[in-house]
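Contents: one structure, followed by commentary.
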Protein chains: 2
Amino acid sequence: MTHTPLNIDLDTLMLELEELAAFSDTPAPSVTRVLWTETDQKARSYLKTRIEQAGFSWREDATGNIFATFEGKQPRLPKVGTGSHIDAIPHAGKYDGTVGVLGGLEAMRTLKRSGFQPRRSIELLIFNAEEPTRFGVGCLGSRMLSGALKPEEALKFRDQEGLSFEEARQQGGFSGDLNQIRLHENYFFAFVELHIEQMPNLEKQGLPIGVVTAIAAPSSFKLHLTGQGGHAGAVLMPDRKDAFLAASEIALCIEQAVKDHGSIDTVGTVGLVNVYPNAINSIPSKVDLGVDLRDIDADRRDRVLQALLQAAEDICLKRGIKLELEMLNQDPPAKSDPMLVRTIQKNCENLGIAYQNMVSRAYHDSLFMARIAPTAMVFIPCKDGISHRPDEYSSPEHIRIGVEVLAGVLRDLGEV
Amino acid sequence: MTHTPLNIDLDTLMLELEELAAFSDTPAPSVTRVLWTETDQKARSYLKTRIEQAGFSWREDATGNIFATFEGKQPRLPKVGTGSHIDAIPHAGKYDGTVGVLGGLEAMRTLKRSGFQPRRSIELLIFNAEEPTRFGVGCLGSRMLSGALKPEEALKFRDQEGLSFEEARQQGGFSGDLNQIRLHENYFFAFVELHIEQMPNLEKQGLPIGVVTAIAAPSSFKLHLTGQGGHAGAVLMPDRKDAFLAASEIALCIEQAVKDHGSIDTVGTVGLVNVYPNAINSIPSKVDLGVDLRDIDADRRDRVLQALLQAAEDICLKRGIKLELEMLNQDPPAKSDPMLVRTIQKNCENLGIAYQNMVSRAYHDSLFMARIAPTAMVFIPCKDGISHRPDEYSSPEHIRIGVEVLAGVLRDLGEV
């Protein structure tokens, strides 16, 4: 069947992206927004106001995941979900996550303006902390909503300042029973997330839309190295147990293990490095490394993981360093729902928009939503594939096309 | 000539060392005391009170270097100086520097109690920031007192929080003309510093005293590496410019350059490592390394420096990383004054105390005092040579012997 064309209000959406970016702990153009901080709270209330102004109701769970509802004719039916995250790692950009949140809101507003009322309610989900900034674990919100992370596990988390999950949650102004958070299997009929690609593929091929058929399997862990400190001038080289030299060898080994045992789709990164006491004239006694390893093939990823852990043990043995492994997560990859993939493709075709199917190497809340609902993702290009940086950029036209496709998909699903 | 024996009040001295250690920003047994912090200010007022209680006058210069004076019969004569520092790097111990400060005070008190009045005034100097913790440059106080560091250079410093030298100085409660700080060449007739060895040599040989004949030539610099950040899941390995991988290679190269081009007396350390954005799922875009390199032979040290800088350039070229070198200091070694060395040896012999001549690999304020006065140092053993750690330890008996020798030396010099 044919539909009335949907007119996205791009000016309002771009303005909202700018306004949301202004809630940051670092100066523009960089964006830093960490879970449950004052800045995060301000950004949340800004969004709630926009949701109310659009005439939608909203609720918040005991941790702050926000649900905005475009009520359907049969509100008891499993809902159609969309959404993403608003948190940003230190010195990040303004499009990662936010395009899926404000774009999802605009998609719902567009449908409402067009006079459409869905059969199933359409719900916008704003997930807590997709980024691992605060507790070292990504997708905190979607992990808890999907049951991948149990409340009792979350309660063990501490942030870098040593604040417990519960203390941090209270500072964020949230309370209530954590066992009520998990969504039951029939809560969503389908879930579709709009996101920037974070890679240069679509841009290189001049395509405005990527239809995500699978999400890579992410794994992250910490390596705690303990050596022996001392005065940088006084302890002779043969007598040293320098934890940072071991850490340096390990970082290079990780790069090597990925190249030797992985494929082009395997990526390994040491992104987090904390050295103690971190004084220029003191031998590092302790180093904590945070490592991110992922692949679209979980088995291959785990082979690389084993290889690099073995190498790390050998290095530490050789240098007299104590090594502790702290596994943060080791998640399986997710396959998109074929029916949803087809719905997205159909909408692109109806609008005459070129697309390609692709795999997401970056992981997203959809990775966990896929555990409780049929899920798929819509990607739009970002300049040079740059993300997690202040110069992250997606063009207004690409954002408009992404929201237009998303709105069409939500309409189709809402009518089922 | 023979002297009345000097009776050190060891109980009071050990108690003072404990009390001073309690002024710390980290829990005992660790000591963290950084220039111009509130904790530093509290420690200063504690010391001033002890100085006044001993009946000595004190003055403070425009940056907070403290001078406590045991006035001589001819106060206009060039003075006899002793002293050390009270600042401590994060998680350090309670003897580095403080033994020379409180031990120097006790030496002056002991002489006073014995009824001795010197011809030349004897002055205790408490130097600002011998450790580079705050501004990345060691011996801030003695550098400025000796003119090795000009006020206009110091004013360019910023601490890790970005606070300027002047802002930090004001927070510390100090003001006034920086050009008045420098001491003229005839201010001191001689300067003698008591310090823990920070190496295990004296302990291994069962010797209570080391007479320092030379201080190693220290050099420190920062390497600023700029690569390209990005999402840890999204940017493929061949497309990366990971600043931390370059930093890791450089750290290992420094270790290698020291082994290849140095001697057993050459030491190189990467003690300071700051990674940006330092998020587990983000490729490091920028890394700052703080490197400390020293040797008793300045030429050999500089050959190693050239070798490792060349290696660092090659690594950065290979990895597409921008490298900036920031030289912090490259000081010449200092030779002790033969007359002072002989005076220290003579006092040991009179007291029947075994000693050996030695070189100091750790550098000290004496390195800079040697530029404006005949200088020497007295070392006492510390357990296992451990320093800059909470378990740093010197025995009360060794501390007593060190102070007894220092007191005798100050008496001899005060009479000249």
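No hydrogens, no waters, no symmetry mates; every other heavy atom, side chains included, goes into these values. Lettering follows sequence order; numbering is per chain, from 1. These numbers come from a predicted model, not from an experiment.
Within 6.0 Å of NZ on A:K286 lie more than 12 heavy atoms contributed by other residues, nucleotides or ligands.
Note on A:S387, A:G233, A:P218, A:P90: by heavy-atom pairs under 4.5 Å with chain B, the leading option is A:G233. Considering only heavy-atom pairs separated by less than 4.5 Å from chain A, the leading option among B:P132, B:S220, B:A279, B:P277 is B:A279. Of the residues considered (A:L293, A:L328, A:D292), A:D292 shows the highest number of contacts with chain B, using heavy-atom pairs under 4.5 Å. Between chain A and the options B:G136, B:G138, B:G290, B:A232, the largest number of non-hydrogen pairs under 4.5 Å is found for B:A232. When each of B:P238, B:S360, B:A234 is scored by its heavy-atom pairs under 4.5 Å with chain A, the top score falls to B:A234. For the set A:E392, A:R361, A:H388, the entry with the most heavy-atom pairs within less than 4.5 Å of chain B is A:H388. Per-residue heavy-atom pair counts under 4.5 Å with chain B were compared for A:V235, A:I280, A:I283, and the maximum is reached by A:I280. With chain A as the partner, the residue from B:R240, B:K222, B:K259 showing the most heavy-atom pairs under 4.5 Å is B:R240. Note on A:L236, A:D96, A:I89, A:D242: by heavy-atom pairs under 4.5 Å with chain B, the leading option is A:L236.
Across every non-hydrogen atom of A:L245 and B:A251, the tightest pair is CD2-O, 3.5 Å. Contact between B:H231 and A:A362 at its shortest, heavy atoms only, is CE1-CB, 3.6 Å.
Looking at B:I250, neither its backbone nor its side chain comes within 4.5 Å of chain A, counting heavy atoms on both sides. For B:I386, no part sits under 4.5 Å from any heavy atom of chain A, backbone or side chain. For B:V287, no part sits under 4.5 Å from any heavy atom of chain A, backbone or side chain. Proximity to chain A (any heavy atom under 4.5 Å) is restricted, for B:T266, to the backbone atoms N, CA, C and O. Using a 4.5 Å cut-off between heavy atoms, B:V267 contacts chain A through both its backbone and its side chain. Looking at B:P200, there are no atoms closer than 4.5 Å to chain A (heavy atoms on both sides), in backbone or side chain. There is no contact between B:T133 and chain A, counting heavy-atom distances below 4.5 Å. Both the backbone and the side chain of A:E249 come within contact range of chain B, judged by heavy atoms closer than 4.5 Å. Contacts between B:A216 and chain A at a heavy-atom distance below 4.5 Å are absent for every atom of the residue.
To the nearest 0.5 angstrom, B:Q160 atom CD is 6.5 Å from A:N278 atom CG.
Contact annotation: the side chain of B:R294 approaches that of A:N281 to within less than 4.5 Å [non-hydrogen atoms, C-beta and beyond].
Residues of residues 268-276 of chain A placed with any heavy atom under 4.5 Å of a heavy atom in chain B are listed by number as A:G268, A:T269, A:V270, A:G271, A:L272, A:V273, A:N274, A:V275.
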